[in-house]
Protein chains: 2
Amino acid sequence: MDVKTLCLGVLHLGDATGYEIRKMFEQGLFSHCLEASFGSIYPALNRLAEDRLVVCRDERQNGRPDKKVYSLTAEGRAEFSQAILKDLAEDKYRSEFLFVSVFADLLPPNHMTELVDQQIATMKRLADEITSSSAETNTAGIRFVQGFGQVMHAAAIKYLEENRHLIEKDLTPEIPLETPADSPPLRTI
Amino acid sequence: MDVKTLCLGVLHLGDATGYEIRKMFEQGLFSHCLEASFGSIYPALNRLAEDRLVVCRDERQNGRPDKKVYSLTAEGRAEFSQAILKDLAEDKYRSEFLFVSVFADLLPPNHMTELVDQQIATMKRLADEITSSSAETNTAGIRFVQGFGQVMHAAAIKYLEENRHLIEKDLTPEIPLETPADSPPLRTI
DNA sequence: AGTTATATATATCAGGCCAATATAAGGTAT
DNA sequence: ATACCTTATATTGGCCTGATATATATAACT
């Protein structure tokens, strides 16, 4: 699924400029499941306009450069309905944090603690952004996707908080109340 | 973090060919958090060999073409330890399934039901792959990352099963045993 | 009043990366 | 027999990201 299709989808929810489409991927409804940059959005909109799947109207603004507001045409609407029937790519999750976690023992003391703190903070911020992102149209599909994002972020935060000790080597430990005779055997996953 | 660094990381866990590195991203330890294709791995290994961060030895095999087995050098080891200290990119989750879910009302009847079934099946397969992927070295970092993957997949499956009704419009319903007087009010997320 | 930062808004480009494809050989199921 | 899968390496077209450039306005500091 290329950026052209993603743009058609966003425009299905209402007219928008390239800048506003970008914001939908950066902060808005799709921020936790999709990404697209200016370098792909602007060419995609030009192609879509050439193919008459969208139309563009210039809106003058006092002082600022003209806004180019794009709207879906009937053909664009039909094209999008067809596009979402095609086979979907498998989900991709890309996490440099997890990659580095594998090599936790190579990091200097307390560095992993900082990374985990950062990771939890980021997850909380993203969850908050989902909560506060309200589209003008609030459909069942939108609620479903927002709910998914929140559940997943909550699960990630919970796992990090409960299991961070596995990869942290704290050089300033609290004095242990009891010295365990043996470590419990490690569960092989 | 580019593919060169990812290759150094994989080689940190043991010698490997380009093909085996690719498998680590496709099925193995990193399959649920990273991706890299042949088109980036082979050039990356050539660059690393030029820069003396890895060395390559040819291994003859009866019949089949020679294997090129790569090993980390001391310089490569040092380079990797430095690389994982740099700022990490934010996690990215890309899901065409979630994107399409927003537009569930545009799909023909029962299509979303198929998509959800597929999605759950895929999640279960990926969770199983994590369970069965055992590296020769089983460190705390590896267990942490595997555990994360399993928790996240389990959370996704649970959410899909409990909330799929929100986006499904079933045109061939079972005869209800009881007719509920009212649907419970939708929880606004 | 001046400076800095942020937001709106469009556009381009180098370089990185994926998906597809080519090549080659052997095993395995039909 | 033959079609297909697996092991392996390699290349290429084209898409996409990340960075950068341009222009303007507003808000917040100094």
Side-chain angles (χ1 to χ4, degrees), chain A residues 1-8 10 15-28 30-31 34-50 54 56-70 83 86-94 96 99, chain B residues 1-8 10 15-28 30-31 34-50 54 56-70 83 86-94 96 99:
Chain A
M1 192 172 296
D2 58 18
V3 177
K4 291 210 300 286
T5 307
L6 301 184
C7 289
L8 290 178
V10 173
D15 295 355
T17 66
Y19 187 79
E20 288 162 347
I21 292 173
R22 161 75 181 173
K23 273 203 301 189
M24 288 287 274
F25 295 127
E26 200 187 64
Q27 301 166 2
F30 300 110
S31 58
L34 287 178
E35 261 186 89
S37 65
F38 289 131
S40 53
I41 290 170
Y42 282 116
L45 289 172
N46 288 335
R47 276 288 309 277
L48 291 172
E50 273 178 44
V54 303
C56 172
R57 64 173 187 278
D58 280 23
E59 276 192 12
R60 297 277 163 74
Q61 301 187 111
N62 50 340
R64 296 185 190 172
D66 291 359
K67 261 206 279 197
K68 291 188 183 178
V69 182
Y70 292 89
K86 290 180 193 160
D87 284 347
L88 304 178
E90 223 175 69
D91 288 15
K92 290 177 196 174
Y93 180 56
R94 188 179 176 90
E96 296 188 357
F99 177 71
Chain B
M1 192 173 295
D2 60 18
V3 177
K4 289 210 302 285
T5 307
L6 301 185
C7 288
L8 290 178
V10 173
D15 295 356
T17 67
Y19 188 77
E20 287 163 347
I21 292 173
R22 161 73 181 175
K23 275 204 297 188
M24 288 287 276
F25 294 127
E26 201 187 63
Q27 300 165 3
F30 299 111
S31 58
L34 285 177
E35 263 185 88
S37 65
F38 290 130
S40 52
I41 290 170
Y42 284 116
L45 288 172
N46 288 335
R47 276 289 309 277
L48 291 171
E50 274 179 43
V54 302
C56 172
R57 65 174 187 275
D58 279 23
E59 275 192 12
R60 296 278 160 77
Q61 302 188 110
N62 49 341
R64 295 186 191 170
D66 291 359
K67 264 206 282 197
K68 291 188 180 176
V69 181
Y70 292 89
K86 290 179 192 162
D87 283 347
L88 305 179
E90 222 175 71
D91 287 16
K92 288 178 196 176
Y93 180 56
R94 188 180 176 90
E96 296 188 356
F99 177 70

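Naming: A, B, ... by sequence-line order, numbering from 1 per chain.
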Can you tell me how far [atom2] of [N] sits from [atom1] of [X], to the nearest Å?
| X | N | atom1 | atom2 | answer |
| --- | --- | --- | --- | --- |
| A/Met1 | C/dA19 | CE | P | 14 Å |
| B/Glu26 | D/dT6 | CD | P | 10 Å |
| B/Leu45 | C/dC17 | CG | P | 13 Å |
| B/Glu90 | D/dT17 | CD | P | 15 Å |
| B/Glu20 | D/dT7 | CD | P | 10 Å |
| A/Leu48 | D/dC15 | CG | P | 13 Å |
| A/Arg22 | D/dG18 | CZ | C1' | 9 Å |
| B/Lys92 | C/dC17 | NZ | P | 11 Å |

Just compare C/dA7, D/dT7, D/dA10 and give me whichever is closest to any side-chain atom of B/Tyr19.
D/dT7

Among the candidates C/dC18, D/dC16, D/dA10, find the nucleotide nearest to the side-chain atoms of A/Asp2.
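Of the options given, the side chain of A/Asp2 lies nearest D/dC16.
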
Under 3.5 Å, is there a donor-acceptor pair between the side chain of [X] and the main chain of [Y]?
| X | Y | value |
| --- | --- | --- |
| A/Glu35 | B/Lys92 | no |
| A/Glu96 | B/Ala89 | yes |
| A/Asn46 | A/Ala49 | no |

Phosphate oxygens OP1/OP2 of [N]: is one of them under 4.0 Å from a side-chain N or O of [X]?
| X | N | value |
| --- | --- | --- |
| B/Lys68 | D/dA10 | yes |
| A/Lys23 | C/dA7 | no |
| B/Thr17 | D/dT7 | no |
| B/Lys67 | D/dA8 | yes |

Step-by-step salt bridge (Lys or Arg N to Asp or Glu O under 4.0 Å) determination, A/Arg57 to A/Glu59:
CA-CA 6 Å; A/Arg57 64 173 187 278; A/Glu59 276 192 12; 3.4 Å; yes

Is B/Lys4 touching bases, backbone alone, or none of the nucleic acid, heavy atoms closer than 4.0 Å?
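No contact.
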
Please find the pair of heavy atoms, one from B/Phe99 and one from A/Thr5, that lie closest to each other, and give the distance.
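Reported closest heavy-atom pair: CZ-O, 4.0 Å.
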
Just wondering, are more than 12 heavy atoms of other shown residues or ligands nearer than 6.0 Å to CG in A/Asp87?
no

Those residues of residues 36-43 of chain B lying under 4.0 Å from DNA chain C by at least one heavy atom
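Heavy-atom cutoff 4.0 Å gives B/Ala36, B/Ser37, B/Gly39, B/Ser40.
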
For the residue pair A/Tyr19 and A/Phe38, does the interplanar ring angle fall in the parallel (under 30°), tilted (30 to 60°) or perpendicular (over 60°) class?
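The arrangement is parallel - the two ring planes meet at less than 30°.
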
